[in-house]
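Taking it in order: structure first as structure tokens, then the write-up.
When reading the values below, keep in mind they use all heavy atoms of this one structure, side chains included, and skip hydrogens, waters and symmetry mates. All chains are named by letter (A, B, ...) in the order of the sequence lines, taking the proteins before the strands, and each is independently numbered beginning at 1. Worth saying up front: this structure is predicted, and the values here are computed from it rather than measured.
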Amino acid sequence: MFKHSIPFPQKHCFMLQVNFIRQNKERVINGLKVRNYSEEALSVIDKILEADDKRKITQTELDSNLAESNKLSKEIGGLFKQGKQAEATEMKAQVASLKIKNKALQESLAQIKTTLEENLLSVPNIPHPSVPAGNTEDDNEIYKAWEHDLPVLDDEALPHWELASKYNIFDLELGVKITGAGFPLYRNQGAKLQRALINFFLDEASAAGYEEIQPPLMVNADSARATGQLPDKEGQMYHITKDELYLIPTAEVPVTNIFRNVILQDNEFPIKLTGYTPCFRREAGSYGAHVRGLNRVHQFDKVEIVQIARPEKSYEVLETMLKHVGGLLDKLELPYRILRLCGGDLGFTSALTFDFEVYSAAQKRWLEVSSVSNFETYQSNRLKVRFKEDGKMHLAHTLNGSALALARIVAALLENNQTPEGIKIPKALQPYTKFEMIA
RNA sequence: GGAGGAAUGGCAGAGCUGGUUUAAUGCACUGGUCUUGAAAACCAGCGUGGUAGAAAUAUCACCGGGGGUUCGAAUCCCUCUUCCUCCGCCA
């Protein structure tokens, strides 16, 4: 199988980004400060610029040497044809000495590039100007609050994990037996509810013009790096070392990688894709009451929407994605709010992220069910998703969002809709579940 | 899993007895001439990235990936990956 790991990104892959850093140094540094970078950590920027300077100098010297030896080699060929053996032999010696120099130059160039790439991979995306400063989720800004009353349940109301056993709709103990903690097993009406939600979300995405994709559930390291999961989230993914593959933490990874190394034609925009996949996350270090039940699991189902857009359109696109996700929650009749993530909570690859949280009435908590982000050119620089305009190459913008993540939606639906007679299914979902009540 | 064959620019396809090839040629594409318009024909252009330069331009790297032989590699050698054919196994 795949024992190799092609060095990624490919040769010279980062140059655009270095140039960006060079031309926008202040902006980059300010951006990293929004992400709470210390002065010491900021030194990576200077390291990058220094390494790039060295790279240019070395490259120039190597190129001129190579030009020289190419020229001499051609002349040697000519001399051989004319039968001038002695002169040819003499020139060979010249080329040989150049070659020794070139070898050294090539080695140091390779080393410089490796350092440069490592440093570049460690730099996250620059936050959008609207991203608020802050360290934790408490500093996120409420972008759109829930404007109605929150549902209030009576005192006998049960959290979803107790509803699970009451109605026999999912079973965490069985998951533990079969696999381990965090792998729920859905059954009966619970399993049907899962299937109904997936189909509902996919149909809604199709109706909104997204092409449906069913991608692989494992990806290679190149793909994981291109969308930014590696090296940043190495420990969060399940890694199959024998075959050097990773279980996907989100459909974003395989779906966005469809466009790795693709040059788009103008008429291909906008690209809108959707896909349902299970998502696998190790969630190392998360234990305790707040991760009870379906609140945080290692395997959950999610329908993802992905768009690739022209740069000047990408924030418009982001808005339409927010509307799409909001529309889904409206149809499911769930109370929700939208947060604009602060610098400290913003994902490594994202420029701007909005989180959707639904209110889970029995737990009396907000649960994150969707994250909608614009990555601007951060992913496309790694992916090499480009388009040509006026004879020049430009990086496209990539965006994605959950529409939606199931486990927590299920938690909120079960809790909020519980009645003495059973759990009511929202109208929009009834054609999919083919039942109106879990009882 | 075993045996054989293959991998060249958007596509097709030459080169593969190592040296004016800066990768032929065709198709597609773009611009132009012609035409009332279109087609055809003709002319020209037509990969990605790096470096130097204000630019014109020059130069370097890339013929699946990596390494090697050589003054010189698409061409020879090693290795990995993928695809095709055949055998085996299999939902």
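- One can place CG of A:Leu109 at 13 Å from P of B:rA61, the figure rounded to the nearest angstrom.
- Spacing of P atoms, B:rU8 relative to B:rG4, comes out at 22 Å, to the nearest Å.
- Distance A:Met393 CE to B:rC46 C1': 12 Å, rounded to the nearest Å.
- Dashed line: the shortest gap from a side-chain N or O of A:Arg386 to OP1 or OP2 of B:rU48 is not under 4.0 Å.
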Between the protein and nucleotides 19-21 of chain B, are there any N/O to N/O pairs under 3.5 Å, and if so, what are the atom names and distances?
{"residue": "B:rG19", "atom": "N2", "partner": "A:Ser73", "partner atom": "O", "Å": "2.8"}

Do any N or O atoms of the protein come closer than 3.5 Å to N or O atoms of nucleotides 58-60 of chain B, and which pairs are they?
{"residue": "B:rC60", "atom": "OP1", "partner": "A:Asn70", "partner atom": "ND2", "Å": "3.4"}
{"residue": "B:rC60", "atom": "O2'", "partner": "A:Asp63", "partner atom": "OD1", "Å": "2.9"}

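- Look at NZ on A:Lys392: it is 14 Å from P on B:rU48, rounded to the nearest Å.
- Rounded to a whole angstrom, the distance from the P atom of B:rG65 to that of B:rA54 is 34 Å.
- Taking 4.0 angstrom as the limit, A:Lys388 places a side-chain polar atom (N or O) nearer than this to OP1 or OP2 of B:rU48.
- Partners of A:Tyr315 by ring-ring contact (aromatic ring centres under 6.0 Å, His included), not counting sequence neighbours, listed by chain and number: A:His128.
- Counting only Watson-Crick and G-U wobble pairs whose two distances sit under 3.5 Å, RNA chain B takes part in these stems of three or more pairs: B:1-7 with B:81-87, B:10-12 with B:25-27, B:29-33 with B:41-45, B:47-52 with B:57-62, B:64-68 with B:76-80.
- One atom, NE2 of A:His394, and another, P of B:rG49, lie 11 Å apart when rounded to the nearest Å.
- With C1' as the reference atom, B:rG2 and B:rC89 are 11 Å apart, rounded to whole Å.
- Atom-to-atom, CD of A:Gln265 to P of B:rA28 comes out at 17 Å; the value is rounded to the nearest Å.
- As a whole-Å value, the separation of A:Lys103 NZ from B:rU69 P is 6 Å.
- Judged by distance alone, the side chains of A:Thr274 and A:Glu212 never bring a donor and an acceptor atom under 3.5 Å apart.
- Annotation: B:rU21 and B:rA39 have their C1' atoms spaced 36 Å apart (nearest Å).
- A 6.0 Å sphere centred on CD of A:Glu436 holds no more than 12 heavy atoms belonging to other residues, nucleotides or ligands.
- A 4.5 Å side-chain heavy-atom check between A:Arg408 and A:Glu368 finds at least one atom pair inside the cut-off.
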Between N or O atoms, less than 3.5 Å apart, protein on one side and nucleotides 73-75 of chain B on the other: list the pairs.
none

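- With both ends at atom P, the span from B:rG9 to B:rA24 equals 13 Å, rounded to whole Å.
- As rounded to the nearest Å, B:rC84 and B:rA12 have P atoms that lie 15 Å from one another.
- Taking atom C1' on both nucleotides, B:rG68 is separated from B:rU30 by 43 Å, rounded to a whole Å.
- Rounded to whole Å, the P atom of B:rG64 lies 16 Å from the corresponding atom of B:rA73.
- Classification of A:Lys101 and A:Glu61 as a salt-bridged pair fails, no side-chain N sitting under 4.0 Å from a carboxylate O.
- Contact annotation: A:Lys92 side-chain N/O to B:rG72 OP1/OP2 distance is not under 4.0 Å.
- The side-chain heavy atoms of A:Tyr246 and A:Ile240, taken from C-beta on, include no pair separated by under 4.5 Å.
- Going from atom CD1 of A:Ile112 over to atom P of B:rU51 covers 13 Å, rounded to whole Å.
- Applying the 4.0 Å criterion to OP1 and OP2 of B:rU51, one finds that A:Arg55 has a side-chain N or O inside that range.
- Legend: residues meeting side chain to side chain donor-acceptor pair (under 3.5 Å) with A:Thr377, ordered by chain and number and at least two apart, are absent.
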